[in-house]
There are 2 protein chains.
Amino acid sequence: MKPTIKEVAKKAAVSIATVSRALSNSGLVAEATRDRIRQIAEEIHYTPNVSARSLSTNRTDTIVLVLPDLFGEFFSEVIRGADQRAQQHNYHLLVSSSHNNKGDIESALHSMRGRVDGIVIMSPNIDAHTLESSLPKSLPVVLLNCSVDGERCDSINIDDSQGAYQVVRHLISHGHRRIAIIKGTPNNLDAEERLLGYRKAVSEGGGDISEELEVDGNFTELSGQEAVTKILGLNPRPTAIFASNDSMAIGAISALRKNGIQVPTEMAIAGFDDIPVAEYLRPSLTTARIAISELGAMAVETLVNAVKERNAHTKKQLVLQANLVVRESCGCSD
Amino acid sequence: MKPTIKEVAKKAAVSIATVSRALSNSGLVAEATRDRIRQIAEEIHYTPNVSARSLSTNRTDTIVLVLPDLFGEFFSEVIRGADQRAQQHNYHLLVSSSHNNKGDIESALHSMRGRVDGIVIMSPNIDAHTLESSLPKSLPVVLLNCSVDGERCDSINIDDSQGAYQVVRHLISHGHRRIAIIKGTPNNLDAEERLLGYRKAVSEGGGDISEELEVDGNFTELSGQEAVTKILGLNPRPTAIFASNDSMAIGAISALRKNGIQVPTEMAIAGFDDIPVAEYLRPSLTTARIAISELGAMAVETLVNAVKERNAHTKKQLVLQANLVVRESCGCSD
DNA sequence: CGCTTTCATGTAAACGTTTACATTCCCGTA
DNA sequence: TACGGGAATGTAAACGTTTACATGAAAGCG
């Protein structure tokens, strides 16, 4: 059985209050007493129970990042940024997956009460109003990639529409007029806004506007591959593809190669995100770059501030801009 | 302030014990009473404090995965497998980073007492004996990619040596005799064993054995690129490269391209891991495949069993085999 | 020498929840 | 009608730690 503070107190012949003060440097303890207590604690491998401690102090020095998924380069980069910034603020970062469904988000939220000081939630697939009804009232929350009205918590979103618009405009500037889009997951905020940006750019640039050019995908490489099969079957065939994220662009490039179609000379392609591997592909991928890792870092920064203000601060909504990154897959050179 | 069980009890005109029984379905409660309590709990947005609950029940239904880093496709895949298996067992999975240093591992371990029921630790860079001295005695732990003597906890390792051996043997079967290796991080168990496998295959296959062919890397794409600069400067120039992981192989391929060297006709290359993007590269990457996601899943399975047995079971050491996956980058066709 | 202040430590309540045990009431059976 | 058993609920201790307040002793100052 794991030793408790009582065992330390007994062996050190002091009260548990003295042990607590000695180990946490809170309040006066005679130096000789403190040294004796610390030595005994180390000898019997005592570590405080953080549940008991947080019950008592009403603090955990921990925050949690709840993501739709925990894998893939995009989420990886979000976690990287969040982890680094949490470390700088001496907060312990935990990461948890909501598996992209509302029930799991609620379950994750319910399991966090008393365990963390604040929560970052990325949840582009969940309706923000139904999400808000699940949010604990006093626990600071920062929402990522959700559409909320701003009274209840801070949020950071990506200007998806503008990023998609830039990328598609660039394809148009290459002379493309028949551009397909591989869409993201249905009911996903990012996907919806990227579609809007695509439509706006195509409309303004005199490109073909057609429902058949808007091909289903779900942000995975496999769905990018499958979309290409459909795109190649369209008549007349598109000359460029905008994939709503880089993973689908990667899958699309692979499928084009398998169909003997040369990128970018026979089909131009562009993505969205700029995940790290995008620059290593051949051809390297033109894309809308989001500072993904900075998204995670800003989320943590915002949350840590909210925790310090006991969630009483004026909530704010930030928007991250996307920047066009021109590489080879649109026809430009690296 | 967040409502507690006391507020629910007061509004429902029952004791806190009745509320606890009603909400957790433990013990008899009249149906009308239970319905009234649940309605009130929902109205005032009551969620139990999990710290208090775990203090009382001595259980958390949570496990944690402590990784050297939380980003990159490899760790991503480990997390994917772990998360799926944890969900199947109705355990909540948390993920935390040790930032690949002993101090942070100890800090992570100390912050988990009373918060989780068990811990998976992947720590290839830390000497296992010093790690073991930090392990809590009664908390079940599963170690990944560490070298331990097996009395204290379960472990799952990769047969790195054998995997590297297979890959390098394959390069030798293509006629290569001057094969460079891009090594992993110093003092890393995986890196060390892959180097041993490389040496054994080269030695048995009559290849060149030379310290200059063993080039430093640290598992990142950038270090793969930098290693290529050194390798191209060797005289006579190697005809093949074995990168100790796929990320460095990706970086190496990119650098070879930039130097105008065609893979595989002018330089063959192979990696280790088989991260998901490896199949989308051009040329696609020959590699030693580890069922990375299965590593995570097995770790969780082993830990959940250890928790159930209250850590009193006979500890076991499992070894995951690597399988050669032949693609284009060695000169074979897909 | 006496009084005041400060140091060092102990006591006990509190944090929020669970649950063992006790109590009361109701129902069924002889 | 009486007794026994079971349902329903309340009481209070426990989980492990923190910390406000109390107490005693020692040191310093007038």
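Residue numbering restarts at 1 for every chain, and letters A, B, ... go by the order of the sequence lines. Fair warning: this is a prediction, and the values are worked out from it, not measured in the lab.
- Here the nucleotide nearest the side chain of L55(B), chosen from dT18(C), dT18(D), dG16(C), is dG16(C).
- Counting any heavy atom pair closer than 4.0 Å across all strands shown, S15(A) reaches a base atom.
- The side chain to side chain donor-acceptor pair (under 3.5 Å) search around R59(B) returns D61(B), not counting sequence neighbours.
- Checking A52(A) against S20(B), the closest nucleotide of DNA chain C that is more toward the 5' end is the one next to A52(A).
- Along DNA chain D, the nucleotide nearest to V14(B) and the one nearest to T57(A) differ in position, and the one closer to the 5' end is contacted by V14(B).
- Rounded to an integer number of Å, the gap from CZ of R59(B) to P of dT18(C) is 11 Å.
- Between the NZ atom of K6(A) and the C1' atom of dG10(C) there is a distance of 16 Å, rounded to whole Å.
- Applying a 4.0 Å cut-off to non-hydrogen atoms, the residues of residues 22-36 of chain B that approach DNA chain D are L28(B), V29(B), A30(B), T33(B), listed by residue number.
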Please report the C-alpha distance between R53(B) and T60(B) in whole Å, then the side-chain angles of each, then the deciding distance to 0.1 Å, and finally whether the side-chain hydrogen bond (donor to acceptor under 3.5 Å, both in side chains) criterion is met.
-> CA-CA 8 Å; R53(B) 172 173 280 178; T60(B) 64; over 6 Å; no

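- For S15(A), the side chain to side chain donor-acceptor pair (under 3.5 Å) partners are T18(A), not counting sequence neighbours.
- When the side chain to side chain donor-acceptor pair (under 3.5 Å) test is applied to E73(A), no partner is found at least two apart in sequence or on another chain.
- Residues V64(A) and V66(A) form a side-chain contact, since some pair of their non-hydrogen atoms from C-beta on lies under 4.5 Å apart.
- Qualifying side-chain contact (heavy atoms from CB on, under 4.5 Å) partners for N90(B), counting only residues two or more places apart in sequence or in other chains: none.
- At the heavy-atom level, V50(B) lies nowhere under 4.0 Å from the strands shown.
- The distance from atom CD1 of I5(A) to atom P of dA12(C) is 17 Å, rounded to the nearest whole Å.
- For R85(B), the salt bridge (charged side-chain N to carboxylate O under 4.0 Å, His left out) test picks out E301(B), with sequence neighbours left out.
- Side-chain N/O atoms of E43(B) and Q39(B) include a donor and acceptor closer than 3.5 Å.
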Which atom pairs, donor and acceptor, lie under 3.5 Å between side-chain atoms of residues 185-192 of chain A and protein residues at least two apart or in another chain?
| unit_1 | atom_1 | unit_2 | atom_2 | d |
| --- | --- | --- | --- | --- |
| N188(A) | OD1 | D190(A) | N | 2.9 |
| N188(A) | OD1 | A191(A) | N | 3.0 |
| N188(A) | ND2 | N125(A) | OD1 | 2.6 |
| D190(A) | OD1 | N145(A) | ND2 | 3.2 |
| D190(A) | OD2 | N145(A) | ND2 | 2.7 |

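- Residues passing the salt bridge (charged side-chain N to carboxylate O under 4.0 Å, His left out) test with R80(B), sequence neighbours excluded: E77(B).
- Atom CD1 of I37(A) is separated from atom C1' of dA8(C) by 11 Å (rounded to the nearest Å).
- Counting to the nearest Å, the P atom of dT19(D) and the CZ atom of R53(A) are 9 Å from each other.
- Going from atom CG of N49(A) over to atom P of dT18(D) covers 10 Å, rounded to whole Å.
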Once each nucleotide of nucleotides 20-28 of chain D is scored for protein heavy atoms under 4.0 Å, what B/S/- sequence comes out, 5' to 3'?
-> B--------

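- Note on T18(A): a side-chain N or O is less than 4.0 Å away from OP1 or OP2 of dG10(C).
- Atom-to-atom, CD1 of I16(A) to C1' of dA14(C) comes out at 12 Å; the value is rounded to the nearest Å.
- Partners of K102(A) by salt bridge (charged side-chain N to carboxylate O under 4.0 Å, His left out), not counting sequence neighbours, listed by chain and number: E106(A).
- Taking 4.0 angstrom as the limit, S56(B) places none of its side-chain polar atoms (N or O) nearer than this to OP1 or OP2 of dT17(C).
- Rounded to 10 degrees, the angle separating the terminal helix axes of the helix from dC1(C)-dG30(D) to dA30(C)-dT1(D), each built from five base pairs, is 50°.
- Under the side chain to side chain donor-acceptor pair (under 3.5 Å) criterion, T47(A) pairs with no residue at all, not counting sequence neighbours.
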